[in-house]
Amino acid sequence: MSLSFYFVCITVIFVLLIIFSKESWSGNIALLAVLLNATLSSYIAFNAVLGQPFLEVINGGSIFGDIPIRIDALSGWFILMMNFTVLTGILYGRLYINHYLNKSAGIQMHFISYIINHLSMIGIFCVQNSLAFLYVWEIMSLSSFILVIFEYRKPEALRAGINFLIQSHVCILLLTIGFIWVSSHTNSYDFIAIAQYSASINPAVSFVLFLVFFIGFSIKAGFVPFHTWLPYAHPVAPSHVSGVMSGVLIKLGIFGILRTLLLVNQNYLTIGYFILAVSIISGLYGVILAIIQHDLKKLLAYHSIENIGIIGMGIGLGAIGVGIQSPFLAFAGFAGALLHTLNHSLFKSLLFYGAGNIYQAIHTLNIDSMGGLIKKMPQTAVLFLIAAMAISGLPPFNGFISEFIIYQGFFEGIHLGSITISTVLILSIIALVLIGGLALLCFTKAFGIIFLGQQRKQFDQEISESETSKLLPGYLVVIIILIIGLFPQIFINLLIEPVKLFTGSLIIDFPVLKMTDNLQSVSIVTWSFIVAIAIISIIKKIVVPKDRIISSPTWGCGYVAPNPKMQYTASSYVRTYRKLIAPLLIMNKKEEDIKGVFSSPIHSETHPYDKIEAIFIDLPLRYLNKILAPFRVLQSGYVRHYVLYGVIFIFVILLFSLLNNAWIYLINLLKQI
Amino acid sequence: MRVLGLILIIITSFFFTGIVFRTKSIFSGRKGRSIFQPMNDIWRLMRKGSVYSQTSSFIFRIAPSIYFASVIIAIMLIPFGGQKGIFSFNCDFVFFAYILAVGKFFNIVGALDTGSSFEGMGASREALYSLLAEPAFFILMGSFALLTGYTSFSDIFISIHFGSYISYAIVALAAYILIIIAMVENSRMPVDDPKTHLELTMVHEVMILDNSGFDLGLIFYATNLKFAMYGAILANLFLTPGKEWFLSIPIFVVVQILFAIIVGIIESFIARFRMNHNSQFIFALTSISLIIFLTVLLMVGKFL
């Protein structure tokens, strides 16, 4: 009996269990199912990462042919990463969902989709038959659609969900085109056929094939300008789903791009430049827009785009390294990208869990109405702070490590190649530095305005810390974040096998040694930093006399009646910045004039809008609407009409194939004449 | 012997701001106080009690310690002539910039913790300005990496050789950039005026309005250390390897004193910019450092 069969069996059994059990149990059953699937797949994946790939072939009948299930080091790395986040996601989600119990919210459906989503993601990482891959991909898209529209009674949730569904299917369309292209030439659905086919064709054609796959996968990954679904889907989904989506789901796109890089044969140098350029734009654009968002989850969604950019920069650097045959560059690039993939899944899910806790405490995600939450929710605040520092790439946390690895590649590569490479790399360095600085601006704003200062708005309900079991998944994530941040050298060894797939014939032993050595030093300095903080705190404790520490109101520079409304808000914090980058933004402002001497209260609103979305999505859609408007008559709303259209369609197809022979006959006749 | 650099920087930090103040007083026709007076003030502050805002949380209390620790660790990465820093590894300057950023992060959230609108204002400016100054430093180090083929502070400074005249141009430009970065990072003229008395126009000073006692002393002393740290980087541009300690230590001290006097002169004769011009001014540094990068490209013959 094949191993894949067990996975499907486990999932089916647990889906049935959820259907036939009480609503309040479904979360725990789903946890069990995820735990089983995750343990089983992690075991295989871990072996694969250490260099023992897994292979089995399922007979898919006459339609699919043989379906090879291959778990190589790359799949293994992604499966391990995904399992952890999906696991913490369900640990968090089963408690998060409790708030919706007995409100006929479709909780069972939600958890069923969650399990199926997990299985389909495992499938995507290991199925290597293009037709079967598309099926699994479709299951993944549909199940995540159901996860997103959990609060389907809210119109914006449904709208965001449909937006997500459509964009997923544009992605599937492009993948289908790519797969059909290959299989029509090779008569095989196996992924190996892609490699063989692309090796046999002109490099330019091969590049186009790469591009088709790249665009398809980058819609899922969220590279600019294909990112527009992310800022809609993340805010409306429940927090654990946002965490899983941002942490894992968009990484399917990264996985796809990496897989394509392995399969489609092309000039690595050109591809490297291309990916680097796209990633720099994504990284910068993502963070530039993240700063001006007032919706916490939307802000985090834009940060996902930024981090996808950083991962892409690593991939681009690695590809350039392979292109110029530099083992160090190749290793730094791919290792940095893979590690950042893991890192991002950790701190981003942690941030979303934090956002979930806040949302359930105050029922809003508008940053400007928060403030002072650190006193009410100290544990959530500390978890959020750690994640915020990690995502800004600050030591001693994990985000710094992966960025540091990529930096090393950039600086090392600057004197290796031609002038083009030096220039491209210095531009990448500028981009990465700016991304880091902007992320710092963004997360000082997020953390400072949400948790610090005084409460800006009064809420009806009592604000309290989330229960400990709901904070537990957060602490689990923090442990891994700290391990990566404080002992990074361990993780280099896990990255050797996955990176070897890309570097191929290049010998990477020396770069591995150099990198391990270097990260060892980083680890030591990081520890010294912590020790230094401890020493200073102890000195402070000894030197400062306890009886002379007083508490008093904040110094108001002479003003004696300050109130919480006078605090700096998120908008005012980034105002100077917003003025600087005004040309890149669309700000929709609604302002009222002050009337009379004793004016009644007036309101002013600002809503940032995505300029790229306005140009690449809204504008074409408007034209499309104009063109398609005359056909609106067909959409009558009567089912019988739609059945009729179906019948007509089938008839036309039949007629076409019947007439096909007649056409050929006619053409032949004409030729003979 | 690796601690030599650290010791020298700490010694310099005792009188650095004193020299700056003395220079300013001399130019304004005053006699001026002793050059150790700023250090005396800090010492007195450290023994005082503290007042904490009722709005603030533990973040506000640990922020100064973390800020100070980050500066100390950053100093430990600076080499001294041919001597490596206490910590030295590839791309240590990346770590240098990021560890300083950790300090800045806590400085900013510490300011936001008080809930004061003035401090929020300062925090917002500090975050923006330091982010704009960062690229120049990285391009500078990238240019050095390209020129020398090495990627760590000590290797770069050892192998920068002043062979041709163009190198002098590069070093002069690099010194200019480092001085301006030091001014921005330490919130001095022309970006910020530490002696201004209007909170609305402050950057760094307004962020620490609520700090007092030991914490305030730490923050002030960290500023002194930071100045000495940038001075040490500057000195490294002139400390060629192979020199004996009795040559390199005087060179180090002379460069530091010169740097302090230059800072004093700049502060005496330049007025603070208008707030909205600051960002342009700081970002212009990036273009100057790009000129260095292009010159280096020319020098290593990549254009051929």
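Since we're looking at a predicted model, the values are computed, not measured. Per chain, numbering begins at 1; letters A, B, ... match sequence-line order.
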Quick one: are [X] and [Y] in side-chain contact, heavy atoms under 4.5 Å?
{"X": "S422(A)", "Y": "F293(B)", "answer": "yes"}
{"X": "F214(B)", "Y": "I539(A)", "answer": "yes"}
{"X": "F411(A)", "Y": "F93(B)", "answer": "yes"}
{"X": "T526(A)", "Y": "I99(B)", "answer": "no"}
{"X": "Q567(A)", "Y": "S117(B)", "answer": "no"}
{"X": "S521(A)", "Y": "F87(B)", "answer": "no"}

Other residues, nucleotides, ligands: >12 heavy atoms within 6.0 Å of [X] [atom1]:
{"X": "R575(A)", "atom1": "CZ", "answer": "no"}
{"X": "K514(A)", "atom1": "NZ", "answer": "yes"}
{"X": "F60(B)", "atom1": "CZ", "answer": "yes"}

Which pair of heavy atoms, one from [X] and one from [Y], lies closest together, and at what distance?
{"X": "P395(A)", "Y": "V102(B)", "result": "O-CG2, 3.2 Å"}
{"X": "R548(A)", "Y": "R47(B)", "result": "NH1-O, 3.9 Å"}
{"X": "M46(B)", "Y": "V543(A)", "result": "O-CG1, 3.5 Å"}

As an exercise: rank [options] by heavy-atom pairs under 4.5 Å with chain A and give me the winner.
{"options": "L209(B), V206(B), V51(B), D113(B)", "answer": "D113(B)"}
{"options": "A145(B), A69(B), A136(B), S212(B)", "answer": "A69(B)"}
{"options": "S88(B), S57(B), S143(B)", "answer": "S57(B)"}
{"options": "M121(B), Q280(B), M275(B), M141(B)", "answer": "M121(B)"}
{"options": "L132(B), D210(B), L218(B)", "answer": "D210(B)"}
{"options": "G213(B), S70(B), S56(B)", "answer": "S70(B)"}

Using only atom types and a distance under 3.5 Å, with no angle test, would you say the side chain of [X] pairs donor to acceptor with the backbone of [Y]?
{"X": "H415(A)", "Y": "G149(B)", "value": "yes"}
{"X": "S124(B)", "Y": "Y573(A)", "value": "yes"}
{"X": "K104(B)", "Y": "L440(A)", "value": "no"}

Item to complete: Using the side-chain contact (heavy atoms from CB on, under 4.5 Å) rule, take I429(A) and I139(B) through it: C-alpha gap first, then chi angles, then the decisive distance, then the call.
Response: CA-CA 8 Å; I429(A) 290 172; I139(B) 298 171; 6.0 Å; no
Quick one: pull up [atom1] in [X] and [atom2] in [Y] and give me the separation to the nearest 0.5 Å.
{"X": "L112(B)", "Y": "Y568(A)", "atom1": "CG", "atom2": "OH", "result": "10.0 Å"}
{"X": "L394(A)", "Y": "F106(B)", "atom1": "CG", "atom2": "CZ", "result": "9.0 Å"}
{"X": "Q408(A)", "Y": "F89(B)", "atom1": "CD", "atom2": "CZ", "result": "8.5 Å"}
{"X": "L297(B)", "Y": "I414(A)", "atom1": "CG", "atom2": "CD1", "result": "8.5 Å"}
{"X": "S528(A)", "Y": "I73(B)", "atom1": "OG", "atom2": "CD1", "result": "5.0 Å"}
{"X": "S130(B)", "Y": "L441(A)", "atom1": "OG", "atom2": "CG", "result": "8.5 Å"}

Item to complete: Dump the intermediate steps for ring-ring contact (aromatic ring centres under 6.0 Å, His included) on F138(B) and Y407(A), then the final yes or no.
Response: CA-CA 10 Å; F138(B) 275 79; Y407(A) 267 123; 5.4 Å; yes
Which atoms of [X] come close to chain A, meaning under 4.5 Å heavy atom to heavy atom: side chain ones, backbone ones, both, or neither?
{"X": "A111(B)", "answer": "neither"}
{"X": "T151(B)", "answer": "side chain"}
{"X": "F58(B)", "answer": "side chain"}
{"X": "I59(B)", "answer": "side chain"}
{"X": "S279(B)", "answer": "side chain"}

Worksheet item: Stepwise, does the side-chain contact (heavy atoms from CB on, under 4.5 Å) test hold for F447(A) with I108(B)?
Response: CA-CA 10 Å; F447(A) 181 74; I108(B) 292 168; over 6 Å; no
Practice prompt. Using the side-chain contact (heavy atoms from CB on, under 4.5 Å) rule, take D215(B) and V544(A) through it: C-alpha gap first, then chi angles, then the decisive distance, then the call.
Written response: CA-CA 10 Å; D215(B) 287 346; V544(A) 181; over 6 Å; no
Discussion item. Ring-plane angle category for Y98(B) and F400(A), please: parallel below 30°, perpendicular beyond 60°, tilted otherwise.
Written reply: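 Geometry flag for F400(A) against Y98(B): tilted rings.
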Worksheet entry | Top contributor to chain B contacts, counting heavy-atom pairs under 4.5 Å, from L580(A), V525(A), T569(A) |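 Heavy-atom pairs under 4.5 Å are most numerous for V525(A).
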Fill in: Heavy-atom pairs under 4.5 Å with chain B, option from S552(A), G436(A), G437(A) with the top count
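Max contact count across the listed options: S552(A).
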Worksheet item: Going through the distances and angles, do I426(A) and L146(B) end up as a side-chain contact (heavy atoms from CB on, under 4.5 Å)?
Response: CA-CA 10 Å; I426(A) 202 88; L146(B) 175 62; over 6 Å; no
Is chain B contacted by the side chain of [X], its backbone, both, or neither, given a heavy-atom distance below 4.5 Å?
{"X": "L438(A)", "value": "both"}
{"X": "V382(A)", "value": "side chain"}
{"X": "I549(A)", "value": "both"}
{"X": "I533(A)", "value": "both"}
{"X": "E403(A)", "value": "side chain"}
{"X": "K540(A)", "value": "both"}
{"X": "K579(A)", "value": "neither"}

Practice prompt. Decide whether T554(A) and S116(B) meet the rule of one side-chain donor and one side-chain acceptor closer than 3.5 Å.
Written response: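 Note: T554(A) and S116(B) side chains miss the donor-acceptor criterion.
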